[in-house]
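What follows is a short report on a single structure.
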Amino acid sequence: MNIVIINTCYNKGGAAHVAMDIKNYLDKTGHKTTFFVGASDKIENNIFKIKPTSKVKRVIQKISGDMLELNNSEDIISTPAFKEADIIHCHNLHGGYFDLNTLAKIDKLKPVIWTLHDMWPITDGCFFSYQESLADGFYKCAENRALITKLSILRRKNIYQKLKNTTLVSPSLWLKEKIERSFLKDRKIVHIPNGISIVDYKRYDKIKARQELNLPQDKKIIMFLAAGGKDDKRKGWEYVEEMIKKYQQEKNVLFLCVGGTNELKTEKVNYIEYINDKGVLAKYFSAVDIFLFTSLAENMPLVILEAMACGTPIVSFNVGGVKEVAQHLENGYIARYKDTEDLYNGINYILNLNNDGLESIAKKSIAKIKEGFTDEKMAEKYLKLYKEITSRQYEV
């Protein structure tokens with residue numbers, strides 16, 4: 001099969017990693033893939049950058065929200081790769097590089113799969129809505145810009161009504177339920193969970209991992225990721241701060257911040273630069289006692305899968321699709337949403353488990369990932385969906 005994949009980029013963020021894992025599997029199994037991205041310096045291995053939008057058009061587009069998408073995404077249609085493609089697989093289409101009108105045009109020419117990695121397609125302009133209420137089939141955002149928002153929704157509704165050959169994929173049941181309540185509810189919606197590489201993300205011996213990473217052997221270590229730090233409100237940095245304060249006097253507890261800057265001036269936190277090497281990250285997961293996840297809005301976060309594949313207990317808020325993979329008291333502790341005390345209880349619960357309890361969590365976590373959340377199983381499900389869709393006659 002010939003598959004065209006479209007995403008904001010190919011090497012940064014969960015959507016990019018999922019898209020590349022699918023591409024790599026398809027390439028390995030004898031299929032042909034071409035990847036179009038909005039942001040990249042790489043023009044090789046069938047990865048091509050969509051022609052950048054001019055500065056003037058970017059300013060106009062920013063002012064208008066997504067009402068005017070003045071970019072060059074339509075150029076994809078004239079490429080040999082598109083003309084030869086059996087199916088078009090879209091991922092994140094936001095970021096100013098892709099015009100949704102192009103999606104409607106593609107839909108008339110080829111069968112399309114659109115994987116939703118966040119809520120943007122079904123909100124009035126944000127990546128995640130923190131509200132359950134809808135207006136005209138779209139979830140409301142906190143920053144509602146009145147006239148621009150209304151015009152943007154009208155534009156999206158007009159485009160979505162034209163989609164006859166587009167199948168939506170949700171990586172979580174949580175998002176699938178939200179799509180089924182939205183303006184896109186009449187589209188075909190399929191659930192395919194995200195997956196990660198169990199070759200890269202595997203459990204290492206904790207003592208040896210700490211020796212290699214120069215981490216203390218006599219501490220209980222709580223790890224969290226902080227790309228963006230305080231600036232990214234969605235990641236819940238304030239709750240991390242609260243946990244650090246609660247353990248300030250506990251000499252045997254250390255926090256490990258990966259990918260963040262020195263947000264807090266305290267000896268309770270070790271800061272590690274962003275880790276791009278999957279093997280090294282797996283060793284960090286294996287070396288720590290808890291992976292703390294305080295995000296306030298998520299779909300099916302890869303980092304939860306990665307930590308569990310290394311046998312690391314999870315302490316997380318009940319957010320998005322997290323509980324679909326990490327079960328409360330089985331793989332860790334799922335705290336009530338935005339409940340600081342319950343998050344604290346979760347950390348204490350894990351820290352007070354004996355070796356048998358921790359080993360049970362590790363084995364159950366690894367088994368859970370191998371059972372249904374590997375990159376290979378994910379890619380196989382997508383390939384099955386490709387074949388199913390292309391075997392049907394699509395509408396013109």
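Just so you know, these numbers come straight off a predicted model, no measurement behind them. For this chain, numbers begin at 1 and follow the sequence in order.
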Worksheet item: Would you say the side-chain atoms of Ser295 pair up with the backbone N or O of Ala297, donor to acceptor, closer than 3.5 Å?
Response: no
Discussion item. Pairing donors with acceptors under 3.5 angstrom, does anything connect the side chains of Asn299 and Ser172?
Written reply: yes
Discussion item. Donor-acceptor check, side chain of Ser286 to backbone of Ala282, threshold 3.5 angstrom: yes or no?
Written reply: yes
Worksheet item: Is the side chain of Tyr204 donor-acceptor paired with the backbone N or O of Tyr284 at a distance under 3.5 Å, no angle test?
Response: no
Worksheet item: Would you say the side-chain atoms of Asp107 and Thr166 include a donor-acceptor pair closer than 3.5 Å?
Response: yes
Worksheet item: If you count the non-hydrogen atoms of other residues, nucleotides and ligands that lie under 6.0 Å from NZ in Lys268, is the total more than 12?
Response: yes
Practice prompt. Describe, in one word, how the ring planes of Phe183 and Phe138 are oriented to each other, choosing from parallel (under 30°), tilted (30 to 60°) and perpendicular (over 60°).
Written response: parallel
Item to complete: For the pair Arg156 (side chain) and Leu100 (backbone), establish whether a donor and an acceptor sit closer than 3.5 Å, ignoring hydrogens and angles.
Response: no
Worksheet item: Of His117, Met119, Glu298, which meets side chain to side chain contact (heavy atoms under 4.5 Å, CB included) against Leu175?
Response: Met119
Practice prompt. Answer yes or no: does atom NZ of Lys219 have more than 12 heavy-atom neighbours from other residues, nucleotides or ligands under 6.0 Å?
Written response: yes
Worksheet entry | Short side-chain donor-acceptor distance under 3.5 Å, Thr33 and Lys23 | yes
Worksheet entry | Identified side chain to side chain contact (heavy atoms under 4.5 Å, CB included) counterpart of Phe291 within the set Ile304, Val258, Ile222, Val315 | Ile304
Discussion item. Please identify which of these residues, Asp21, Leu302, Ile22, meets the side chain to side chain contact (heavy atoms under 4.5 Å, CB included) condition with Asp375.
Written reply: Asp21
Worksheet entry | Glu324 (side chain) donor-acceptor with Trp174 (main chain) under 3.5 angstrom | yes
Using a 3.5 Å cut-off and no angle test, enumerate the donor-acceptor pairs between side-chain atoms of residues 362-370 and protein atoms at least two apart in sequence or in another chain.
from: Lys364; atom 1: NZ; to: Glu330; atom 2: OE1; distance (Å): 2.8
from: Ser365; atom 1: OG; to: Ile361; atom 2: O; distance (Å): 2.8

Discussion item. Under a plain distance cut-off of 3.5 Å, with no hydrogens placed, do Thr8 and Asn92 share a side-chain donor-acceptor pair?
Written reply: no
Worksheet item: Within the distance-only criterion (no hydrogens, no angle test), does the side chain of Asp86 pair as donor or acceptor with the backbone N or O of Asn2 below 3.5 angstrom?
Response: yes
Discussion item. If we ignore hydrogens and angles and just use 3.5 Å, is the side chain of Thr123 paired with the main-chain N or O of Lys140 as donor and acceptor?
Written reply: no
Discussion item. Quiz question: by atom type and distance under 3.5 Å, do the side chains of Tyr386 and His89 form a donor-acceptor pair?
Written reply: yes
Worksheet item: When you look at CG of Asn355, are more than 12 heavy atoms from neighbouring residues, nucleotides or ligands closer to it than 6.0 Å?
Response: no
Practice prompt. Could you tell me whether the side chain of Ser170 and the main chain of Lys176 form a donor-acceptor pair under 3.5 Å?
Written response: yes
Discussion item. Looking at Asp277, I want to see if its CG is surrounded by more than 12 non-hydrogen atoms of other residues, nucleotides or ligands under 6.0 Å.
Written reply: yes
Discussion item. Side chains of Ser316 and Tyr333 only: does a donor on one sit below 3.5 Å from an acceptor on the other?
Written reply: no
Worksheet item: Ile87 versus Lys110: any side-chain heavy-atom pair under 4.5 Å?
Response: no
